[in-house]
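Following: one structure in C-alpha cells, then a few remarks.
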Amino acid sequence: MTTTLQTISENRCFDGVQGVYSHASAATGTDMTFGLFLPAESRDGPVPVLWYLSGLTCTHENAMVKAGAQGWAAEQGVALVFPDTSPRGDGVADDEAYDLGQGAGFYVNATQKPWAPHFRMWDYVAEDLPGLLFREFPLDAERQAITGHSMGGHGALTLAMALPGRFRSVSAFAPICNPTGAEWGRKQLAAYLGDDEAAWQAHDASVQMEQRGFDGPVLVDQGSSDQFLDLLRPETLAAAMAARRQPGTMRMQAGYDHSYFFVASFMEDHLSFHGEALWR
C-alpha cells in the first residue's frame, strides 16, 4: 500500500488542471483513487470545491469524463472532486450483483461481514479524503458544496444533512431517495448495516429530510423516463421537502432517463446553483 499521495495523471483542462491521484486510505484500509479538477484561479490561492459522488458501477472516472462538468466549473472558478464509489483490490469483498460490493459502497460504514473491514465510504468521504485534499491542494475548506448521481445523489443528500455547516449547497441527479421504503434499497442496507432498521434511517434522504432538513439550498433533477424511477422513489423526497418547507427546487425533467446524457444536460444548472452559494 502506498503511504503518500501519488500522481497518476495531470492534464490541462479549461485553463486549469484535471488530475487523477491515489493514496493510502486510513478509512478503507486500501489504496483509493480520485479525480480532482483545479480551475485557473487555484494558481492564486484556495478555491471553493464541489464534491461529485458517482453512482452504482462507477469509478472516479465516469463523471470526470462524461458529465461535462469541468467547463462549467472553470466558469465558476470552482474545483471538482470525483471520489471512487468503493474500496477495491485484492482482499476486498465483492459480489456478483452490480448493486453490492466493489463499485457499490453506498456511502455507508458497513458493520456486517464480509464488508466491514473495508467498506467505510462514509468516513472516507466525510473525513479521510477531505483531510488529504485540504492539506495537499489549494482548496477552501470553508466553501464546500456537494452533488451526485443516483447512489451518489443518495450519498450527497445524506452527508449534507448529517454534517450541518459543512456544505453551503447540495444537489442531486436522480438520487436514490428512499431506500428504506423499497425492497431493492432494503437489500443493500441490510447487507451492509444488518437487520436493525433503526441504523438504516441515517442513510435515507427522505427520512433525513423529514427529520432534520438541510441548512442551505437544495436542487434535485429527475428524469421522467428514468428506467429506475420506481426504485428511486423521488415522490418521497418531494413530499418531505414540502412538509418541512425546505428551501429548494425539485424538477421532473420530461423524457430524460438515468444516463450521463441526462446528467450532462443539466450540469450547467447545477454548477451555476453551487457557484452562487459558494461565492456569496
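Sequence positions, counted from 1, serve as the residue numbers for this chain.
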Stepwise ring-ring contact (aromatic ring centres under 6.0 Å, His included) check, Y124 with H23: CA-CA 12 Å; Y124 179 69; H23 71 111; 5.6 Å; yes
A242: side chain to side chain contact (heavy atoms under 4.5 Å, CB included) partners, not counting sequence neighbours: none
Exceeds 12 heavy-atom contacts within 6.0 angstrom, atom CD of E235: yes
Plane angle bin for F173 and Y52 - parallel if under 30°, tilted between 30 and 60°, otherwise perpendicular: tilted
Path from Y107 to V263 over hydrophobic side-chain contacts below 4.5 Å: no
Mutual orientation of the aromatic rings belonging to H274 and H270 [parallel < 30°, tilted 30-60°, perpendicular > 60°]: tilted
Ion pair check, D269 and R251, cut-off under 4.0 Å: yes
Distance in Å, T30 OG1 paired with R120 CZ, rounded so as to fall on 0.5 Å steps: 12.5 Å
Pair D128-S25, side-chain donor/acceptor within less than 3.5 Å: yes
Flag, side chain of Q144 to backbone of L278, donor-acceptor distance under 3.5 Å: no
Any residue meeting side chain to side chain contact (heavy atoms under 4.5 Å, CB included) with Q112, in chain and number order, not counting sequence neighbours: none
Shared-cluster residues of M252, by chain and number - hydrophobic side chains joined below 4.5 Å: none
N/O donor-acceptor pair under 3.5 Å between Q208 side chain and Q201 backbone: yes
Q211 atom CD, over 12 foreign heavy atoms within 6.0 Å: yes
Passing candidate, side chain to side chain donor-acceptor pair (under 3.5 Å) with Y21, options H60, E10, Q6: E10
Whether H154 side chain and F106 backbone form a donor-acceptor pair below 3.5 Å: yes
Heavy atoms of other groups near R280 CZ, more than 12 under 6.0 Å: yes
Enclosure of E276 CD (heavy-atom neighbours >12, cutoff 6.0 Å): no
Under 3.5 Å donor-acceptor pairs involving side-chain atoms of residues 175-185, not counting sequence neighbours:
from : atom 1 : to   : atom 2 : distance (Å)
N178 : OD1    : R233 : NE     : 2.7
N178 : OD1    : R233 : NH2    : 3.0
N178 : ND2    : D204 : OD1    : 3.4
N178 : ND2    : D204 : OD2    : 2.8
T180 : OG1    : D204 : OD2    : 2.6
W184 : NE1    : D99  : OD2    : 3.0

Pairing residues for D95 by the salt bridge (charged side-chain N to carboxylate O under 4.0 Å, His left out) criterion, not counting sequence neighbours: none
Side chain D215, main chain G165, donor-acceptor under 3.5 Å: yes
Ring pair (Phe, Tyr, Trp, His ring centres under 6.0 Å) contacts in which one or both residues fall within residues 193-246, not counting sequence neighbours: W122-H203, F228-H258
Aromatic ring proximity F37/F14, centre distance under 6.0 Å: no
